[in-house]
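Okay, structure first, notes after.
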Amino acid sequence: MAKAHRSGLLQRLLQQDPVYDYDLIVIGGGSGGLSCAQEAAILGKKVMLLDFVVPSPRGTSWGLGGTCVNVGCIPKKLMHQAALLGQALTDSRKFGWEHSRQVKHSWATMTEAIQSHVGSLSWGHRLALREKAVTYVNSYGEFVEHHKVKATNEKGQEAFYTAAKFVIATGERPRYLGIQGDKEYCITSDDLLSLPCCPGATLVVGASCVALECAGFLAGLGLEVTVMVRSVLLRGFDRDMAERVGASMQQLGVRFLHKFVPVQVQQLEKGLPGRLKVVAKSTEGTETMEGVYNTVLLAVGRDSCTKKLGLEKIGVNISEKTGKILVNDEEQTSVPYVYAVGDVLEGKPQLTPVAVQAGKLLARRLFGGRSEKCDYVNVPTVVFTPLEYGCCGYSEEKASEVYQAENLNVYHTLFWPLEWTVACRDSNTCYAKIICNKLENDRVVGFHVLGPNAGEITQGFATAMKCGLTKQLLDDTIGIHPTCGEVFTTLEITKASGLDITQKGC
Amino acid sequence: MHQAALLGGMIRDAPHYGWAVAQAPHDWATMADAVQNHVRSLNWGHRVQLQDRKVKYFNIKASFVNAHTVCGVSKGGEETLLSAEHIVIATGGRPRYPTHIEGALEYGITSDDLFWLKESPGKTLVVGASYVALECAGLLTGLGLDTTIMIRSVPLRAFDQQMASLVTEHMASHGTRVLRGCAPERVEKLPDQQLRVTWVDLASDRRDVGTFDTVLWAIGRVPETSSLNLEKAGVHTNPVTGKILVDAQEATSVPHIYAIGDVAEGRPELTPTAIMAGRLLAQRLSGRTSDLMDYDNVPTTVFTPLEYGCVGLSEEAAVARHGEEHVEVYHAFYKPLEFTVPQRDASQCYIKMVCLREPPQLVLGLHFLGPNAGEVTQGFALGIKCRASYLQVMRTVGIHPTCAEEVAKLRISKRSGLDPTVTGC
């Protein structure tokens with residue numbers, strides 16, 4: 001040892017290979033964080049995962065798994081399913097099932113069942129981490145200096161850990177409006193999806209996926225629902241499709257208040273759920289309006305959790321406008337040993353599978369000698385409104401921007417799912433559209449479907465688009481009969497032609 | 001009717017999701033009425049379409065007089081002679097009766113009759129192992145009827161056998177009585193109008209009897225060619241199957257006479273293939289195209305209670321064609337999210353992707369067993385048409401939460417021997 005010191009070797013060793021507690025610390029135990037941590041552990045690294053949920057203003061909290069498992073995709077889809085079953089009950093009478101006309105729904109029964117499943121998923125994640133020898137600590141992590149984080153648990157106890165590399169996967173939380181009464185009386189998706197008592201007549205403020213999905217299943221469960229929209233529905237999505245989604249929701253009884261924003265929320269009556277008065281102002285003048293609801297659900301966007309991570313202490317750059325973390329195409333931040341994945345990233349699709357894929361590939365690049373990067377092109381997505389909307393690729397607007405409108409062929413049709421015929425549901429609501437680039441042999445650059453099981457339909461087409469799907473290939477492919485998806489193999493009418501697309505029969 | 005059966009399952013799920021609905025009985029008559037009305041509206045729709053397109057429609061039974069002339073007989077017996085430059089035969093097929101079984105014709109029904117019954121078929125024996133047999137047995141079970149299916153040897157012979165097994169296993173564990181390796185010998189009518197069926201267990205040679213309200217034959221279909229007088233036109237058929245022999249242009253042995261759909265030899269017996277073949281043929285005859293029909297990689301779905309969608313090669317066919325060392329099969333047992341809350345059994349929810357082993361691992365076949373299998377499979381059929389590789393499928397980001405995303409998440413190969421059960425959110 002003394003010899004090593006004299007020769008300067010020890011000094012060099014200490015400088016070149018500092019000993020850290022861990023090879024990797026992941027901050028955030030959601031879709032991206034879990035995926036990355038587990039993959040790194042599989043590759044033989046010593047990994048710690050820090051996950052901590054700051055309770056919502058209403059006091060709601062949850063366990064490991066992040067937004068998707070606890071207050072996102074999973075409970076949302078199960079509530080959506082509950083609503084769809086309500087519709088199925090109505091349809092079933094036409095198919096000969098003889099049950100009573102008015103069927104009541106118990107919110108408590110549903111939520112209990114859903115929470116039970118969510119809990120089992122969360123538990124499953126804990127077991128998986130344990131199995132893979134990832135050290136999981138239920139503490140809030142933040143940087144205190146380079147390579148070092150402080151972890152604070154529920155009781156306020158602090159611990160410090162160091163690591164060679166870090167991955168930030170802290171995701172986002174719902175935004176509040178900053179108006180009087182919002183934090184005291186309103187709820188968000190963080191609260192709704194595990195709400196112990198029925199929300200009753202609900203005002204949903206917002207026009208995002210979250211807003212419309214929640215409004216949709218609440219209506220499907222028999223509740224009176226109003227949606228207050230500041231400007232447009234589903235910003236960023238195809239306009240025509242967004243309007244059709246809105247129309248289909250109106251058909252189901254959801255009331256829309258366009259071009260209004262709430263300015264005040266007052267409590268008229270305490271209770272579960274109580275009564276709230278909302279005062280709103282028009283965005284186009286001086287008109288105001290008032291409404292009384294049992295629940296006000298704010299779904300006006302989400303803010304990334306980057307403000308209290310100590311990022312400024314180590315120099316990780318975030319977008320001034322959005323607060324999201326800026327990364328290169330390898331998910332690396334401005335600090336070389338710090339990476340980020342998931343919703344916390346600037347400019348990436350905010351989807352669970354994207355975070356999972358990115359996390360896994362990142363771990364493989366960092367520790368597995370692989371070089372594959374996450375492919376963010378043509379990521380398919382679905383809005384789980386009562387009538388689902390699936391899409392992949394460009395909206396008509398974006399496609400026109402990228403390719404010029406005159407170079408596009410937009411094929412479309414209305415369609416009537418077979419299951420809707422006997423159920424006497426409308427024949428001209430479901431809709432299919434593809435946007436093709438004439439200059440590339442009518443390659444499909446945008447895929448849109450509004451109909452039942454839109455997610456199941458869209459997935460395969462996303463793969464086909466990745467492989468260069470063209471209109472000709474669609475025409476050459478045989479449809480599976482009878483399905484909704486087959487409609488894409490027989491598209492003939494272009495929007496430009498103006499020809500009638502209304503439905504008559506098989 | 002499959003949808004009606006599925007709705008029954010949804011009624012059972014509903015209380016778990018908070019709906020206060022009691023278990024409901026099913027009224028066949030209400031369903032049959034609604035279904036039959038819809039079918040009639042489609043019949044009418046077709047007549048209107050023909051009219052709109054100025055196609056002259058004759059409701060007559062036609063047969064050949066010579067290569068350019070057919071004679072049609074109306075219901076009332078009137079004969080009409082029609083001659084044409086081109087003739088297309090698209091007479092399809094009809095269910096086969098096992099005429100060697102005593103009582104089969106007099107007392108049994110087929111799918112031709114099932115969908116038009118005004119009253120419930122009651123306790124039913126379905127004989128057969130085709131997809132028609134499985135689908136019918138499945139939906140009858142789902143409607144609450146006491147249903148037995150009798151399979152002589154293997155279910156879904158032309159399909160991937162592992163998948164066929166899982167389909168049947170699901171039915172067996174969900175209320176359908178499955179009798180394997182049995183063949184009926186005799187059907188007799190009892191004084192109370194029920195039917196007594198005697199069958200033999202082929203392995204043990206033991207005989208057994210059962211009583212049913214209805215016996216449904218689903219043992220295959222025969223092409224409608226015997227009454228066409230094809231020999232008068234010189235059109236040749238396959239002596240074994242009775243189907244009309246055609247080339248890649250759908251032309252028969254007589255150049256200006258064509259055959260499409262189920263009546264043609266070697267074609268998949270599917271509606272959309274017939275539709276496309278018909279359309280392309282018409283376009284070729286009018287000189288608008290020279291495109292031929294591509295019968296490869298035709299996707300299809302078996303609408304059993306747990307649906308089975310597939311496109312491309314079965315595992316057996318891939319191994320036969322390329323050799324086991326050159327085939328890689330990725331697979332997964334998964335659980336649809338919607339099954340969790342009502343605690344539905346997902347044991348047979350399974351996906352299998354058959355690929356070439358050599359990179360980039362071209363996808364040869366995809367097999368999906370689960371809800372909405374048709375919807376899941378359609379897009380992937382497009383992928384296969386685009387010559388998708390396993391790598392490209394894996395690079396596709398999944399849509400969450402769906403069943404279809406599990407296809408894009410297939411990682412475990414059969415060869416690895418690892419547990420293919422999907423875990424996690």
Side-chain angles (χ1 to χ4, degrees), chain A residues 68-69 73-74 77-78 81-82 85-86 88-89 91-92 94-99 103-106 109-110 113 117 121 124 352-354 357 375 379-380 382 419 421-422 453 455-464 466-469 473 476-481 483-486 504-506, chain B residues 3-4 7-8 10-11 13-14 16-22 24-28 30-31 34-35 38 42 45 271-273 276 294 298-301 337-338 340-341 372 374-383 385-386 388 392-393 395-405 423-425:
Chain A
C68 171
V69 168
C73 325
I74 301 298
K77 185 104 195 280
L78 289 171
Q81 176 68 359
L85 286 173
L89 288 176
D91 288 353
S92 69
K94 292 264 175 12
F95 282 87
W97 292 99
E98 300 183 314
H99 58 81
V103 185
K104 287 209 165 81
H105 182 258
S106 159
T109 304
M110 174 186 71
H117 179 63
L121 289 177
T352 292
V354 171
Q357 181 103 305
D375 187 351
V379 172
V382 173
E419 295 75 17
T421 57
V422 165
N453 304 302
E456 308 297 3
I457 296 173
T458 305
Q459 182 71 83
F461 283 96
T463 294
K466 213 168 231 348
C467 304
L469 181 66
L473 284 167
D476 289 345
T477 301
I478 311 259
I480 298 173
H481 188 69
T483 61
C484 293
E486 66 174 313
K504 288 157 201 129
C506 171
Chain B
Q3 174 67 0
L7 285 168
M10 291 187 226
I11 296 175
D13 285 352
H16 295 272
Y17 281 91
W19 294 99
V21 60
H26 182 255
D27 179 53
W28 178 278
T30 304
M31 172 188 73
V35 168
H38 178 64
L42 293 177
T271 294
T273 37
M276 195 184 284
D294 181 3
V298 174
T300 184
T301 296
L337 178 62
E338 293 72 17
T340 57
V341 163
N372 304 301
E375 307 298 4
V376 172
T377 308
Q378 182 71 81
F380 286 105
L382 261 304
K385 211 151 196 66
C386 299
Q392 283 169 314
V393 178
R395 280 209 190 99
T396 310
V397 177
I399 298 173
H400 187 69
T402 60
C403 296
E405 68 175 310
T423 51
C425 147

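A, B, ... follow the sequence lines: proteins, then strands. Residue 1 opens every chain. Side-chain atoms are counted along with the backbone in the values below, which use heavy atoms only and exclude waters and symmetry mates. Here the structure is a predicted model, which is why all the values come from computation and not from measurement.
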Is the shortest heavy-atom distance from the side chain of B/Met31 to the side chain of A/Val422 under 4.5 Å? no

In Å and rounded to the nearest 0.5 Å, what is the SG to CD1 distance from A/Cys73 to B/Ile399? 12.0 Å

Taking all non-hydrogen atoms of both residues, which atom of A/Lys77 and which atom of B/Pro401 are closest, and how far apart? NZ-O, 3.0 Å

Go through B/Gly383, B/Cys403, B/Ala14, B/Pro272 and name the one with the most non-hydrogen pairs under 4.5 angstrom from chain A. B/Pro272

What's the spacing between A/Leu469 CG and B/Leu382 CG if we round to 0.5 Å? 5.0 Å

Where A/Ala464 and B/Cys386 come nearest, the two heavy atoms and their spacing: O-SG, 3.9 Å

Let me see the working for A/Asp476 and B/Met276 under side chain to side chain contact (heavy atoms under 4.5 Å, CB included), right down to the final yes or no. CA-CA 9 Å; A/Asp476 289 345; B/Met276 195 184 284; 5.8 Å; no

Please classify the contact of A/Gln357 with chain B as side chain, backbone, both or neither, using a heavy-atom distance under 4.5 Å. side chain

Reported CG-to-NZ distance for the pair B/Leu7 and A/Lys94, which is rounded to 0.5 angstrom: 12.0 Å

Selection from B/Ala388, B/Ala381, B/Pro299 maximising heavy-atom pairs under 4.5 Å formed with chain A: B/Pro299

Please state whether the side chain, the backbone, both or neither of A/Lys466 comes within less than 4.5 Å of a heavy atom of chain B. both

Tell me, out of A/His105, A/Gln81, A/His99, A/Glu486, who's got the most heavy-atom pairs with chain B below 4.5 Å. A/His105

Spatial distance of atom NZ (B/Lys385) from atom CG (A/Leu473) [nearest 0.5 Å]: 7.5 Å

Considering only heavy atoms, which portion of A/Leu89 lies under 4.5 Å from any heavy atom of chain B: side chain, backbone, both, or neither? side chain

The reported gap from CG in B/Asn372 to CD in A/Glu456 (rounded to nearest 0.5 angstrom) is 5.5 Å

Largest heavy-atom contact set with chain A, pairs under 4.5 Å, which of B/Gly374, B/Pro25, B/Ala20: B/Pro25

For the student: nearest non-hydrogen atoms of A/Ile480 and B/Gln378, plus distance: N-OE1, 2.8 Å

Okay, B/Met10 and chain A: the region with an atom under 4.5 Å from a heavy atom over there is both

Taking every non-hydrogen atom, the tightest pair across A/Pro353 and B/Gly398: CG-O, 3.0 Å

If one checks every heavy atom of B/Thr271 against chain A at 4.5 Å, the contacting part turns out to be side chain

Heavy-atom pair with the smallest gap, counting every atom of A/Cys68 and B/His400: SG-NE2, 3.2 Å

Could you check which of A/Gly468, A/Pro380, A/Gly124, A/Ala113 has the highest count of heavy-atom pairs closer than 4.5 Å to chain B? A/Pro380

When heavy-atom pairs shorter than 4.5 Å are enumerated against chain A, which of B/Thr377, B/Val298, B/Val376 gives the highest number? B/Val376

On a heavy-atom basis, which atom in A/Gln459 and which in B/Ala404 lie closest, and how many Å separate them? CB-CB, 3.4 Å

Can you tell which of B/Val341, B/Thr273, B/Leu337 has the highest number of heavy-atom pairs within less than 4.5 Å of chain A? B/Leu337

Please report the interatomic distance CG(A/Leu85) to NE2(B/His16), rounded to the nearest 0.5 Å. 10.5 Å

Would B/Tyr17 and A/Leu78 satisfy side chain to side chain contact (heavy atoms under 4.5 Å, CB included), going step by step from the backbone distance to the final call? CA-CA 8 Å; B/Tyr17 281 91; A/Leu78 289 171; 3.6 Å; yes

Under a 3.5 Å distance rule, please check whether B/His26 uses its side chain to pair with a backbone N or O of A/Phe95 as donor and acceptor. yes

Note, B/Gln3 side chain near A/Thr421 side chain (heavy atom, < 4.5 Å): no

Starting from the C-alpha separation in whole Å, work towards a yes-or-no answer on side chain to side chain contact (heavy atoms under 4.5 Å, CB included) for A/Lys104 and B/Trp19. CA-CA 6 Å; A/Lys104 287 209 165 81; B/Trp19 294 99; over 6 Å; no

